[in-house]
2 protein chains.
Amino acid sequence: MAKDPAPALQRRTLTLRDVSDASGVSEMTVSRVLRNRGDVSGPTRERVLAAARALGYVPNRIAGALASQRVNLVAVIIPSLSNMVFPEVLTGVSEVLEDTGLQPVVGVTNYSPEREEKVLYEMLSWRPSGIIIAGLERSPAARAMLENAGIPIVEIMDVDGTPVDSAVGISHRRAGRKMAEAIVQAGYRRIGFLGTMMPHDHRARKRLEGFEAALAAQGLQVEDREFYSGGSALLKGREMTEAIMTRSPDLDFLYHSNDMIGAGGLLWCLNHGIDVPGKVGLAGFNGVELVQGLPCRLATMDACRLEIGRRAAEIVAGKRPDGATSGVVIELEPKLEPGDTIRRI
Amino acid sequence: MAKDPAPALQRRTLTLRDVSDASGVSEMTVSRVLRNRGDVSGPTRERVLAAARALGYVPNRIAGALASQRVNLVAVIIPSLSNMVFPEVLTGVSEVLEDTGLQPVVGVTNYSPEREEKVLYEMLSWRPSGIIIAGLERSPAARAMLENAGIPIVEIMDVDGTPVDSAVGISHRRAGRKMAEAIVQAGYRRIGFLGTMMPHDHRARKRLEGFEAALAAQGLQVEDREFYSGGSALLKGREMTEAIMTRSPDLDFLYHSNDMIGAGGLLWCLNHGIDVPGKVGLAGFNGVELVQGLPCRLATMDACRLEIGRRAAEIVAGKRPDGATSGVVIELEPKLEPGDTIRRI
DNA sequence: ATGAAAGCGCTAACAA
DNA sequence: TTGTTAGCGCTTTCAT
C-alpha cells in the first residue's frame, strides 16, 4: 500500500546542540527554554533565546515527537476542496484548534475510497493525535485502520450510520425528507431532481433517498431527473435545467443536490422569463453564502458546516465540557432557508 | 514563537518489532520488505507482508524520518482556501507529486504575515523536502527562515519581485496593464474599480497599480472605486456595483479585482437592464470556471493556477527536464478572455 | 539474503 | 535550577 518514497536528502539543519554550544547551556536546558517547560532562571533563559534567535534555530519536531511520543497534528480527511463546503468545515476546525497547540493537516480523497485508504494510511504513519474524517462509509481496510488507531476519531458531516468512534453531522436523509415536505406543503406536485453523478457521494444519495421517501409518503414521486459530473457546476445547473424543462415542461419544482447547480437553474429560469416561485419552485442544498448574491435568494438548507468543524475539533482537542474524546455523537439540525424560490402559502 | 503544545499521549502502536516477532524475521529484514529495499527472498517477503497485514501494522514515519534524514512532505503555504483560486493550484501540485512519493501538506495564512510566519515555522519544524509558498512579500523573519531552510523553495503566483529561490507565476502588474489596454482600446473611457480591502493581498494591489499606470499612459485614470471585505463576494459585487453606479452613473467600465465580485456586478447590471457591454463593460480576474455559467460570459484573465501548481511541484520534485531544483524562475502568460462583457470594436 | 550495532535529535526521568 | 542518562522506532552501515 505504501508507495516507494524517494525524497531529497535534507541539508543538515541546526540542532539543540548548536544552540547549546552557542549559549553555553546544556542541551536539556535549551530544550526546556524552547518549550517553556520546567524552571529556568531568567538570565539563562535570555541567553538561550538570544542564541536560538541569532542562529535561526527551528526545532526538529520529528525528533521531538519520537522522544516524547506525542504529535501535535490532527488529520482532517475530506473528499474535496473545490466545492465551497469543506473549506468552511476547515475554518471551524482551525478556529477551535487555534489555541490548543494542535495543528490540522488536511488530506483530500476526491471521493475515491482507494485514495481515502491511501491518505489515511499516510496520515496514520505520522501518528497524529486525532482524526477528523468526512463520512461514515468507507472500505473495510480504512475502517480497520480507524478502529486500531488508538486515537480519537470523529466522522463528520453525516450521522446516518454507525460511527467508528465519534460523529458530528446532520442526517441527510432527514434533510431530504424535510425539504420534500416543505415543497409538497407549498403545493408543488410535479417534482424534478438534479444532482451529481458521484456514486461515492453518500450524503447526496441519502438526501435523495429521504426526499423520495417523503414524496412517496404523499403519493408522489420524482417525475424526472438529471445528473452531471465535472465542469462548472453553475453552467451544468443551467444546462441540466434547460434539458429537464425541455423534456418535462410541466415540472413545477426542481430540487438540486447543491446550491451551485441550484444557482445555475435559477439563473436559467430567470433568463427564460419563468415565474419563480410561481410557475416553478427551486431549492438547493448547503446554504453557501453564494446564494445571498443571486437575483433572488435560492431556497436551501444549511448544512451546519462551520458548527460541524468546531464540534469535531472540540472532541479531538478534549475541549468538551464533559471532557469526552470518544464515543460522542452529535446530530445537528439543518435549517430550511426558504429564500424566495419556494412559494409561500 | 512556538506555542506550548499539549497534545494527547499516543496509545502504543505496533512497531517493526511486533511484525518481526510475528513473522520470525529480523526487524531489519522486515524493514527492507516494507520499503521494497535491497534483496529479500520471495518466501521471507511473503511471510513478512502477511504478518504486517494481519497485525494491521502502519509504519512510524516519525522514526523513519529521523533515522533516514528524509521526509516525503512538501509544505504548500497559501493565503486562503475559500476563494476558488488556491484549490486549483493544489490540484496542479497534487497531480505532479502523485507518483513521486512526495505528499503535499497545506498551511493557510489568511493573508496574515504573522500567521504566515507561524505556519512556516511549524512546517519547517517537520523538515519537509520542499516548500511551495504563495507570494513574494513576507516578513524579514519569514524570509530568513526560507533562506536558511536548505531545501527547494518555490514562491508562486507572482513574479513581480525578488524570489528567495525559485518562482512560478504571472506578473500581476502586467496583467493589470494588459486589461487596461484592452479596455481603452475597446473605447471605454470612464473607468471604475471594485476590489478587496486587503492590505496584504499584494497581487491585487499590483494588478491595480499596473492597471492605473496603463490608464495614465493614455491620459486616463480610475474615476471611482469601491472596496469591500468579508461576506459573500457575489453579494458584495452587487452592492458595490449599485453603490458605484449610483454615485458615478456615467462610468462606462467596471474592473473587478476578482471574478466573484465581477459576477455580482454583472448580475446587478443585467437585473437593472443596463446594456452590457454597450453601455457598461465589465471584467474580473482569475478565470474561474464559475464565469462560464453566468448569463453572459464575464471578461476575465486566466491566472494560470493549475499550471502554476504543476510547475512549482516539478521544481521541488526534481522533475524538470534540466533537473534544476533551485533558482528557477518561470513567468507564465495570463490570457485575456474577453467573454461577452467587453465591447468588440 | 540476512542480521547486529550504532545513532538520527530530541525529551522523560532521575540525579545533583 | 541545571545536568546526565537512556531510549523513542526506525534506517544506515557493515558484517556474515
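The chains referred to below are lettered A, B, ... by the order of the sequence lines, with proteins before strands, and numbering in each begins at 1. Note that this is a predicted model, so its numbers are computed, not measured.
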Just by protein heavy atoms under 4.0 Å, how would nucleotides 8-16 of chain D read 5' to 3' in B, S and -?
BBBBB----
Phosphate oxygens OP1/OP2 of D:dT1: is one of them under 4.0 Å from a side-chain N or O of A:Thr44?
no
Which is it for A:Arg45 and A:Ser41 under the side chain to side chain donor-acceptor pair (under 3.5 Å) test, yes or no, and what are the steps along the way?
CA-CA 6 Å; A:Arg45 181 181 195 66; A:Ser41 74; over 6 Å; no
B:Arg143/B:Glu147 under salt bridge (charged side-chain N to carboxylate O under 4.0 Å, His left out): CA gap, chis, key distance, verdict:
CA-CA 6 Å; B:Arg143 192 164 229 274; B:Glu147 279 164 349; 3.1 Å; yes
Evaluation steps, side-chain contact (heavy atoms from CB on, under 4.5 Å), between B:Val74 and B:Ile132
CA-CA 7 Å; B:Val74 172; B:Ile132 296 174; 4.1 Å; yes
Could you check whether any side-chain heavy atom of B:Leu34 comes within less than 4.5 Å of a side-chain heavy atom of B:Leu49, counting everything from C-beta outward?
yes
Under the side chain to side chain donor-acceptor pair (under 3.5 Å) test against A:Arg138, which residue among A:Glu117, A:His202, A:Glu116 passes?
A:Glu116
Flag the pair B:Leu306 / B:Val89 as yes when at least one side-chain heavy-atom distance between them is below 4.5 Å, and no otherwise.
no
When you list every nucleotide of DNA chain C with an atom under 4.0 Å from a heavy atom of chain B, which one comes first 5' to 3', and which comes last?
C:dA1 to C:dG9
Atom CZ of B:Arg320 with >12 non-hydrogen neighbours under 6.0 angstrom:
yes
What's the spacing between A:Ile131 CD1 and A:Ile77 CD1 if we round to 0.5 Å?
5.5 Å
Closer than 4.0 Å, any side-chain N/O of A:Thr29 to the OP1 or OP2 of D:dG3?
yes
